[in-house]
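Just so you know, these numbers use all the heavy atoms, side chains as well, and skip hydrogens, waters and symmetry mates. One-based numbering, in listed order, for ligands and for the atoms of each.
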Amino acid sequence: MNDAYRLETLAIHAGQEADPATGAIMTPIYQTSTFVQSEPGQHKGYEYSRSGNPTRAALEACIAGLEGGQYGLAFASGLAAIDTIMRLLNPGDHVIVGNDVYGGTYRLFERVLARYGLRFSWVDLTQPEALDAALAPQTRMLWLETPTNPLMTLVDIPALVARVPEHVIVAVDNTFASPAIQQPLRLGADIVMHSSTKYLGGHSDVVGGLLALNDEKLYADLKFLQNAIGGVPGPMDCFLVLRGIKTLALRIERHSANALQIAQFLEDHPAVTQVLYPGLESHPQYDLARRQMRYPGGMISILVENPEAARRMVSRTKLFALAESLGGVESLIEVPAAMTHMSTQGSTLEVPGTLVRLSVGIEHVDDLIQDLQEALA
Ligand SMILES: *Cc1c(COP(=O)(O)O)cnc(C)c1O
């Protein structure tokens, strides 16, 4: 695929070409566990679908293309992708993580991987200097999320990359933004990770995870781990993500345009204490958002007066469905403290019960605003 193609074009074509045997324009779903060999070890590139499958290979090439990387890898979920990255490390290794991340990432790091001897420091990375103090001789990885889930905080990827020694792997969870908004590999990151369950899939019909990267050795290590651990997606799921990605650029434009209007509406609403959205001038990192993000994205978090008001609001919307997850065409609303981020309760990453998170869909914005107006009335 021509590297010079723009994201809108790559979203439709990267990793995909008409099936040479039949001319089928859509990537076939190779629903098979194994592949016939003519002699032991003689095959057409595929042996067993945990190791590799042509539908998955198309998705892996697609995410590589979208993120401006050489290599892609697909997983059964975002967390399976994160877990596989972490198996690059050894007991005693130290990881620096931003102090606001997806609840499942926190749970995996502190409740599972810490038992295997990995050490995690949770640091306010909005202040790049804070990174210097946290760096230790054993630091092997810097884990970034931007914007963060759920507080919509940004970190300056190139500024942080510049502060870590060469041997520290910089991984960025790009789930909230998608490559239509930012491409961390181009900003110096070593690995980009996605929950393709969200914007890449885009239709709330599949759970998946993806990685993209440039380094050949790192790719060989991750590919080995992908097969050795086995957290791989099935061909049907790969097909669904590939199909979702085709409209990524269009969807992100509409998600962002709708979210900006809704953020402005909420900012003027008396029942809303604060709106956290990188597209608003009131966002403390508005300048960084303008510099690092092509669009402000479809995620908004707000603070309301008390936890009761938060619960009331999310129970009263009709179009905004009360549900976990995000990034689909339909609008969702939730209370992170009681839902997606319950795992951080009692930790320094605990989020307030007054926080409401909105995943703004691509419905007509006037209908969405009316829904919120009625819910807040
Ligand atoms: C959902 C999510 C994940 C986890 O992905 P799954 O596909 O649910 O395993 C990781 N990071 C972020 C930012 C997410 O929103």
- Message: Quick one: does any side-chain atom of H364 pair with a main-chain N or O of D366 as donor and acceptor, under 3.5 Å?
- Response: yes
- Answer yes when D287 and R291 have at least one side-chain N-carboxylate O distance shorter than 4.0 Å, and no when they do not. no
N or O contacts of ligand 1 with protein under 3.5 Å, please list pair by pair.
| from | atom 1 | to | atom 2 | distance (Å) |
| --- | --- | --- | --- | --- |
| ligand 1 | 5 (O) | S195 | OG | 3.0 |
| ligand 1 | 7 (O) | G78 | N | 2.9 |
| ligand 1 | 7 (O) | S195 | OG | 2.8 |
| ligand 1 | 7 (O) | T197 | OG1 | 2.7 |
| ligand 1 | 9 (O) | G78 | N | 3.0 |
| ligand 1 | 9 (O) | L79 | N | 2.9 |
| ligand 1 | 11 (N) | D173 | OD2 | 2.6 |
| ligand 1 | 15 (O) | N149 | ND2 | 3.4 |
| ligand 1 | 15 (O) | K198 | NZ | 2.8 |

- Message: Taking transitive links into account, so neighbours of neighbours count too, which hydrophobic residues share a cluster with V192 at under 4.5 Å side-chain distance?
- Response: L185
- Query: Can a salt bridge be assigned to the pair D93 and R119 using a cut-off of 4.0 Å between side-chain N and carboxylate O?
  - Reply: no
- Message: Under 6.0 Å from the ring centre and within 45 degrees of the ring axis: does the NZ or CZ of K198 meet both conditions for the six-membered ring of Y102?
- Response: yes
- Task: Say whether L222 and Y116 are linked into one hydrophobic cluster, either directly or through other cluster members, by side-chain heavy-atom distances under 4.5 angstrom.
- Result: yes
